[in-house]
*Asks:* 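First, the structure itself, so that you have it in front of you.
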Amino acid sequence: MTDPKIYKPRAVTGFPEWLPEVRRIEQQWMDHIRKVFESYGFCSIETPSIEELDVLRAKGEVDKEIYVLERLHKDDNDKSDARLALHFDQTVPLARYVAQHFNELDFPFKRYQMQRVWRGERPQAGRFREFYQCDIDVIGVDNVPLHFDSELAAIMVDILRGLDIGPFQMQISNRKILIGLCEGLGISNIAPVTRAIDKIEKIGAEGTRQLLSEAHLPAQIIETLISFAQIKTENESFVEKVLALGVSSPTLAEGIAELASVMARLTHIERGYVVADLSIVRGLDYYTGTVYETKLLENRDFGSICSGGRYDDLAGSYINKHLPGVGISIGLSRLFDYMRINGKLGDLTRKSPTDILVCLPSDENRNAAAEVAKILRDRGLNVELYHSGQKIKKQMEYAVRKGIPFVWFPPFDVGQPHEVKNMKTGTQSTADPKTWMIGKNS
RNA sequence: GCGGCUGUAGCUCAGCUGGUAGAGCCCUCGGUUGUGGUCCGAGUGGUCGUGGGUUCGAGCCCCAUCAGUCGCCCCA
């Protein structure tokens with residue numbers, strides 16, 4: 001007999017997977033997020049992991065990131081020329097979905113979507129090739145009221161505060177402001193300017209100044225842009241600071257008015273969670289108005305954990321309607337992994353959902369023990385029946401290792417009472433399976 | 001796609017100027033009769049990422065390759 005070749009098991013980098021105790025927390029997070037989304041009346045949809053490549057490519061140059069899908073043995077007779085690919089976000093599939101089901105949906109269409117997406121990039125800390133995003137978007141016909149831009153921010157702050165992730169801050173801006181500013185300054189090539197401005201938080205004013213000078217802009221304009229990029233206020237007071245720059249254009253005025261309105265509707269949020277920050281631009285070029293980014297305050301360089309923005313007519317490539325929208329997404333995997341690596345996920349001792357392990361005194365008692373398990377289970381508890389009549393010591397060790405909080409001892413002999421042991425405190429007491437409850441004194 | 005760093009037991013690592021591998025944790029069993037977490041004892045486990053080269057001899061040196069990781073680009 002030859003030894004079978006053993007391949008060292010390893011998950012593909014950038015495609016995360018968790019142990020049961022971690023996955024358990026991840027599911028709690030998802031439950032929480034789902035609950036808040038629904039509390040605001042957003043409905044759930046799910047779209048296939050796959051779209052036709054042409055659908056995904058309809059917006060912008062994202063080719064590098066797209067994973068295509070094909071059968072190992074392609075059928076030469078296959079006449080279909082559609083190439084399939086994994087979606088890299090949920091906004092583009094949403095656009096296709098809305099266009100396709102236009103007549104069956106109610107507008108403004110408010111939906112949430114929590115799925116994995118795929119991007120062919122170099123994995124790094126907080127950066128995966130397969131990861132969960134939790135999106136909410138509002139799509140309207142011809143227009144979407146601006147108050148949704150505020151509501152989405154409020155929803156996300158609501159969710160993030162509930163996740164116990166430590167201090168964070170959402171930064172909001174409006175693309176029209178920077179675009180308008182550039183117009184007013186007579187800058188025609190906006191791309192390098194936006195990139196330089198967007199980076200100021202990371203590379204500092206000096207770094208941005210350096211990048212701008214490489215774009216061959218006059219020194220005075222550079223200083224105006226630097227001053228602009230440093231405007232950051234907790235309310236609408238950013239307006240006067242922009243006006244003080246002494247630049248004006250119709251687009252600029254429009255953007256200022258919009259952002260001021262959005263900020264004005266967020267005053268009910270506790271101070272510090274939301275700021276107007278004019279350095280926020282974001283790369284995705286389909287954003288046309290409001291843009292959001294959210295950073296963990298203890299590590300701003302980690303990157304945004306929740307971002308999005310407003311777009312004008314996303315589904316225009318798929319339907320002859322004008323369908324603007326606004327959306328925002330939590331980078332669940334990124335955020336979750338950060339908390340995992342930093343030991344901030346909470347209780348990781350429980351490796352299963354089991355509340356109670358019913359001990360099996362001996363194999364002959366199996367039916368009686370199973371009956372007890374059923375009684376407890378019917379009362380809403382998660383109950384596991386030990387799988388064999390091994391020594392009690394073994395059964396206890398099993399409970400400890402899986403982090404099961406209670407062990408139930410059915411009577412070892414007729415006439416004796418049931419007993420339940422709290423594994424954390426070590427106390428053990430008699431109990432009735434029909435009435436026992438998890439509580440302080442159990 | 002471009003740069004820097006790393007690659008020894010399941011995990012974290014040690015291995016001095018080259019002489020054919022170690023620790024801790026984990027895991028398994030035991031410390032007798034119906035109960036864990038501590039302690040004690042014993043044990044399993046590595047062709048030192050892979051392929052070449054130098055050498056009497058390489059985990060340690062050289063080359064290549066693969067993988068991981070960090071930074072850039074970009075982004076959740």
Side-chain angles (χ1 to χ4, degrees), chain A residues 3 5-14 16 19 33 60-66 87-91 113-135 156 160 191-192 194-195 198-199 202-203 207 211 280-285 287 291-296 301-309 327-338 341 349 357 359-362 365 386 389-413 416 419-428:
Chain A
D3 288 342
K5 171 78 175 171
I6 304 281
Y7 290 94
K8 182 162 184 168
R10 180 193 291 145
V12 178
T13 321
L19 290 170
I33 295 168
E61 289 295 315
V62 281
D63 290 23
K64 282 199 305 186
E65 306 211 332
I66 298 178
H87 59 230
F88 56 86
D89 74 1
Q90 296 176 128
T91 308
Q113 207 168 336
M114 300 166 59
Q115 295 182 228
R116 295 196 219 240
V117 304
W118 293 266
R119 289 185 196 173
E121 291 242 55
R122 281 265 175 287
Q124 261 168 55
R127 205 163 174 201
F128 301 100
R129 296 196 281 194
E130 175 180 71
F131 56 97
Y132 279 106
Q133 283 196 159
C134 307
D135 281 36
M156 289 311 198
L160 295 174
T194 58
R195 229 178 302 125
D198 197 44
K199 281 204 175 102
K202 193 163 192 174
I203 64 179
L211 286 177
I280 299 300
V281 189
R282 301 191 45 67
L284 265 59
D285 33 75
Y287 293 129
V291 282
Y292 313 92
E293 257 183 31
T294 311
K295 312 264 171 59
L296 295 169
D301 286 345
F302 180 66
S304 178
I305 52 158
C306 177
S307 16
I328 185 165
S329 172
I330 298 178
L332 177 67
S333 299
R334 164 177 286 184
L335 177 59
F336 185 77
D337 192 45
Y338 181 86
I341 287 172
T349 60
L357 176 72
C359 174
L360 196 59
S362 68
N365 299 40
Y386 195 73
Q390 282 178 304
K391 291 187 203 171
I392 299 302
K393 181 183 167 76
K394 287 280 169 211
Q395 304 194 29
M396 299 297 285
E397 280 174 357
Y398 178 82
V400 168
R401 287 162 65 154
K402 288 187 75 174
I404 298 171
F406 295 96
V407 174
W408 193 279
F409 298 96
F412 285 84
D413 295 302
Q416 289 189 321
E419 291 186 16
V420 63
K421 178 165 187 167
N422 180 324
M423 297 300 281
K424 200 169 180 183
T425 63
T427 57
Q428 184 167 333

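Residue numbering restarts at 1 for every chain, and letters A, B, ... go by the order of the sequence lines.
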*Asks:* Measure the CD1-OG1 distance between A/Ile280 and A/Thr194 for me, rounded to the nearest 0.5 Å.
*Replies:* 12.5 Å

*Asks:* Which whole-number value in Å describes the distance from A/Phe128 CZ to B/U69 P?
*Replies:* 10 Å

*Asks:* Pair A/Leu357, A/Met423 - check side-chain contact (heavy atoms from CB on, under 4.5 Å), show working.
*Replies:* CA-CA 10 Å; A/Leu357 176 72; A/Met423 297 300 281; over 6 Å; no

*Asks:* Please state how far atom NZ in A/Lys199 lies from atom P in B/G71, giving the value in whole angstrom units.
*Replies:* 15 Å

*Asks:* Say you pick atom P in B/U55 and the same atom in B/C62; how far apart are they, in whole Å?
*Replies:* 16 Å

*Asks:* Would you indicate whether the side-chain heavy atoms of A/Cys306 and A/Ile328 approach each other to under 4.5 Å?
*Replies:* yes

*Asks:* Measure from CD1 on A/Ile203 to P on B/C74 and round the result to the nearest Å.
*Replies:* 11 Å

*Asks:* Using a 4.0 Å heavy-atom cut-off to protein, can you give one letter per nucleotide of nucleotides 31-43 of chain B, 5' to 3': B if the base is in contact, S if only the sugar-phosphate is, - if neither?
*Replies:* ---BBBB------

*Asks:* Let me spell it out: for each of A/Gln124 and A/Leu332, pick the nucleotide of RNA chain B with the closest heavy atom. Which residue's pick is nearer the 5' end?
*Replies:* A/Gln124

*Asks:* Looking only at atom P, what distance separates B/A14 and B/C72, rounded to whole Å?
*Replies:* 27 Å

*Asks:* Quick one: label A/Ser307 by what it contacts on the DNA or RNA (base, sugar-phosphate, nothing), any heavy atom closer than 4.0 Å.
*Replies:* sugar-phosphate

*Asks:* Distance between the P atoms of B/C56 and B/G49, in whole angstroms?
*Replies:* 24 Å

*Asks:* Is A/Arg119 side chain donor-acceptor paired with the B/A76 base, going by distance under 3.5 Å alone?
*Replies:* yes

*Asks:* Hey, is the side chain of A/Arg401 poking within less than 4.0 Å of OP1 or OP2 on B/U28, counting only N and O atoms?
*Replies:* yes

*Asks:* Residues two or more places apart in sequence or in another chain: which of them pass side chain to side chain donor-acceptor pair (under 3.5 Å) with A/Ser304?
*Replies:* A/Ser307

*Asks:* Rounding to the closest angstrom, what is the interatomic distance between B/C2 and B/C63 at atom C1'?
*Replies:* 23 Å

*Asks:* Measure the spacing between CE of A/Met114 and CG of A/Leu332 and express it to the nearest 0.5 Å.
*Replies:* 6.5 Å

*Asks:* Decide, yes or no, whether a salt bridge links A/Glu419 with A/Lys421 under the criterion of side-chain N to carboxylate O below 4.0 Å.
*Replies:* no

*Asks:* How long is the gap from CD on A/Gln390 to CD on A/Gln395, to the nearest 0.5 Å?
*Replies:* 7.0 Å

*Asks:* B/U28 P sits how many Å from A/Lys394 NZ, rounded?
*Replies:* 7 Å

*Asks:* Using both pair distances under 3.5 Å as the test, note the stems of at least 3 consecutive Watson-Crick or G-U pairs that include RNA chain B.
*Replies:* B:1-7 with B:66-72, B:10-13 with B:22-25, B:27-31 with B:39-43, B:49-53 with B:61-65

*Asks:* Which whole number of Å gives the distance between the P atom of B/C61 and that of B/G15?
*Replies:* 13 Å

*Asks:* Please measure how far the C1' atom in B/G10 lies from the corresponding atom in B/U28, and state the result in whole Å.
*Replies:* 14 Å

*Asks:* What's the separation between atom CG in A/Asp337 and atom CZ in A/Phe131, rounded to the nearest 0.5 Å?
*Replies:* 12.5 Å

*Asks:* Does A/Arg122 contact B/C73 through a side-chain donor or acceptor facing the base, at a distance under 3.5 Å?
*Replies:* no

*Asks:* Could you measure between the two P atoms, the one in B/A67 and the one in B/U50, and give it in whole Å?
*Replies:* 15 Å

*Asks:* How would you label the contact of A/Gly126 with the nucleic acid (heavy atoms, under 4.0 Å): base, sugar-phosphate, or nothing?
*Replies:* base

*Asks:* Would A/Phe131 count as stacked on B/A76 if the rule is ring centres under 5.5 Å and plane angle under 30°?
*Replies:* yes

*Asks:* Measure from CD on A/Glu65 to P on B/C73 and round the result to the nearest Å.
*Replies:* 14 Å

*Asks:* Would you say the base of B/C75 and the side-chain of A/Arg282 have a donor-acceptor pair closer than 3.5 Å?
*Replies:* no

*Asks:* Just the rounded figure in Å: distance from C1' of B/C74 to CZ of A/Arg334.
*Replies:* 10 Å

*Asks:* Give, for atom CZ of A/Phe409 and atom CE of A/Met396, the distance between the pair rounded to the nearest 0.5 Å.
*Replies:* 4.5 Å

*Asks:* Taking B/C48 as the reference, what is the distance to B/U8 when you measure between their C1' atoms (whole Å, please)?
*Replies:* 4 Å

*Asks:* Report yes or no: does A/Gln90 contribute a side-chain atom to a donor-acceptor pair with the main-chain N or O of A/Gln133 at less than 3.5 Å?
*Replies:* yes

*Asks:* Which distance, rounded to the nearest 0.5 Å, do you find between the CG of A/Leu296 and the CZ of A/Arg334?
*Replies:* 10.0 Å

*Asks:* OP1 or OP2 of B/A76 versus the side-chain N and O atoms of A/Lys295: is any pair under 4.0 Å?
*Replies:* no

*Asks:* Let me know the distance between CG of A/Leu296 and C1' of B/A76, rounded to the nearest Å.
*Replies:* 12 Å

*Asks:* Kindly say if A/Arg195 contacts the phosphate of B/C73, meaning a side-chain N or O under 4.0 Å from OP1 or OP2.
*Replies:* no

*Asks:* CD of A/Glu121 versus C1' of B/G1: gap in Å, rounded?
*Replies:* 10 Å

